[in-house]
Amino acid sequence: MLGLAIRTEKKVFAGALMGSALYGGMTVGAASAVGWATDHVVLPSLSAHHVGAATLAAGGLLIVGVAVAKVIGIFGRRLLAGVLQFRMQARYRHLVTAAYLRLPLAWHQQRPTGRLLSNANSDVEMAFMPIAPMPMSLGVGVMLIIGIVDMLLTNSVLALIGILLLPAIIVTNTIYVRFSGPRFARAQELRAHVAEVAHESFDGALVVKTLGRETTETERFADRARALRDANISAGRARSLFNPILEALPNLGVLAVLLFGTREVASGAAQPGDVVNVAYLITLLAFPIQSFGWVLGDLPRAVVGYERVAAVLAAEDRTEYGTEPGKRDGSPAELVFDHVDFAYPGAETAPVLRSLTASIAPGRTVALVGATGAGKSTIAALLSRLSDPTGGAILLDGVELAEYAKGEVSDAVALVPQQTFIFGDTVRANVALGDDVGDDQVWAALRTAQAEKFVKALPQGLDTVIGERGTTLSGGQRQRLALARALVRRPRLLVLDDCTSAVDPSVEAAILDGLREQGDDPEAAAATVVVIAYRKATVALADEVLFLQNGSIAARGTHDELLERSEGYRELITAYARAAEEAAAEEADAAEDEQMKEVVA
């Protein structure tokens, strides 16, 4: 992982390494400068009460020069190390995001959204956390080598005291890494768990509020947060236990040098400057070892983060594309189901679709009707290539969907799903979604979707900013905006997955009628429409009905024809109609009760 960062950003790493090496060399040089100044400036001034101006200037310039070079090294080391770290984090965030776009919907459905957010954010951040101290750690190795050589050249006897500290520091740091590593790894894993729970709670805010589960959700989040807190405290205790030991060892070495050095000076075997030089170098030698520890201490968390990121990048699930171009004439699409089979991963023994075969002529409006679990929404996903059949083929204009080049299916097919998603942006941005379409096209799409009237009534019209997920709009208004979003792209095949369930039947009829006509735009031809519906009024508006049962088409024909000859269809439609009437009656009773309460009040 560290090698990958070095190979990717060679120049930046080399610059950071040179800055760190300069810093390390000048840090040791400061010890020599202080030792020289002690012998040639400080001691003569104390004994003779006089120092030559040239000697004093030389000592000052030497110390200042070393300090300036050290500052340059620190600046280069920190700046370039930060650039290296942030570039790698940005690069891998882009790679993870690109992988999310590449991977099929089935892959996403098997993984919590909170974990995917954690992969792209905290996991990437943690994966390259050791990159920042790494150039410094390698660069200050120069400090370690120069320091040991300098001590040996200054006084070999005193140098042995400093050298003996190195094994003690290394052993202490090794124990620290092994002791704290699992704790940091555990904290990183729990960080993702907290993100998962938070995302679920925010995403399901409506369920939490309406069912009064605020206390339960708060406690569930608090449990995960407490677990993360405890893991972080455990890791912090490990750091707080070993850091004082690592800090104390050099000080003990300095004390030993001073105690032994005074005897050496008294016997004439050493100069006072030598003792000062070696004592100062010992305080510096702990820093390179500690810098290695900083990298090694971050590695457990980094490895966990990188493994989670690498798992996303290595995922082999992908949507394969062909080379066939799509039609560009804007004509309605022809659709053929050729013995289509489909089963979800892990449920191969219970396929959703079984040898489904049908053809839909261009420009027709066809209703898919079936009981819950019959495979209606699965067909909608297959038509837009969110999934591929496990058997058979779906042909668009005589070409299998998988044979089309990338982007051709999405240009020809527009899906409006059951659950509409509205962005916290303007109406125009929600309809256009970044495409280069003019306001006239946006208004035409809104008009066909029966959304023109309420959009014009908004404070700023197309420029009105809608709340997150469309919270400022009703369910029916959100559905009509989602429909306009699909229509503005002029699809040749329009798939409506029960996307008008929240609008009035009269509005729904007007929408379906508008889809058959060109409307105000002479360039917009009527599309082939596949509508998944359950309301009798909606189904009756279709040119033809396909009745799904047990994963295949049990009957097809007009609504009236199926009512006569298909008992299963008749029972299903009657049940839907009865349920709708009961729901309407309950709503009317509730409204009447509210009116009575107001009168009484």
A.B. asks: Just by distance, do the side chain of S384 and the backbone of A380 share a donor-acceptor pair under 3.5 Å?
C.D. replies: yes
A.B. asks: Which is it for V495 and L493 under the side-chain contact (heavy atoms from CB on, under 4.5 Å) test, yes or no, and what are the steps along the way?
C.D. replies: CA-CA 7 Å; V495 184; L493 172 63; 4.2 Å; yes
A.B. asks: Please report the interatomic distance CD(Q477) to CG(L458), rounded to the nearest 0.5 Å.
C.D. replies: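 These two atoms lie 7.0 Å from each other.
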A.B. asks: Applying ring pair (Phe, Tyr, Trp, His ring centres under 6.0 Å), name anything that partners Y92, two or more places apart in sequence or on another chain.
C.D. replies: F128
A.B. asks: Tell me whether E408 contacts the main-chain N or O of G326 through its side chain, where contact means a donor paired with an acceptor under 3.5 Å.
C.D. replies: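 Judged by distance alone, yes, a pair lies under 3.5 Å.
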A.B. asks: Could you tell me whether the side chain of N430 and the main chain of F423 form a donor-acceptor pair under 3.5 Å?
C.D. replies: yes
A.B. asks: Does D397 come within less than 4.0 Å of R492, counting only side-chain N to carboxylate O?
C.D. replies: yes
A.B. asks: Any chance the side chains of T378 and Y344 put a donor and an acceptor closer than 3.5 Å?
C.D. replies: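 A donor-acceptor contact under 3.5 Å links the two side chains.
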A.B. asks: E324 side chain to E403 main-chain N or O, any donor-acceptor pair under 3.5 Å?
C.D. replies: no
A.B. asks: Does a donor on one side chain and an acceptor on the other come within less than 3.5 Å for S377 and D497?
C.D. replies: yes
A.B. asks: With no hydrogens and no angle check, is any side-chain donor or acceptor of K376 less than 3.5 Å from a backbone partner on A371?
C.D. replies: yes
A.B. asks: Report yes or no: is the cationic atom of R385 (NZ for Lys, CZ for Arg) closer than 6.0 Å to the six-membered ring centre of Y321, at no more than 45° off its axis?
C.D. replies: yes
A.B. asks: Could you tell me whether the side chain of R480 and the main chain of A449 form a donor-acceptor pair under 3.5 Å?
C.D. replies: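 Answer holds: no.
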A.B. asks: Residues two or more places apart in sequence or in another chain: which of them pass salt bridge (Lys or Arg N to Asp or Glu O under 4.0 Å) with D223?
C.D. replies: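 Per chain and number, D223 pairs via salt bridge (Lys or Arg N to Asp or Glu O under 4.0 Å) with R226.
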A.B. asks: Could you check whether atom CZ of R78 has more than 12 heavy atoms from other residues, nucleotides or ligands sitting under 6.0 Å from it?
C.D. replies: no
A.B. asks: How many angstroms lie between CG in L382 and CD1 in I394, if you round to the nearest 0.5 Å?
C.D. replies: 4.5 Å
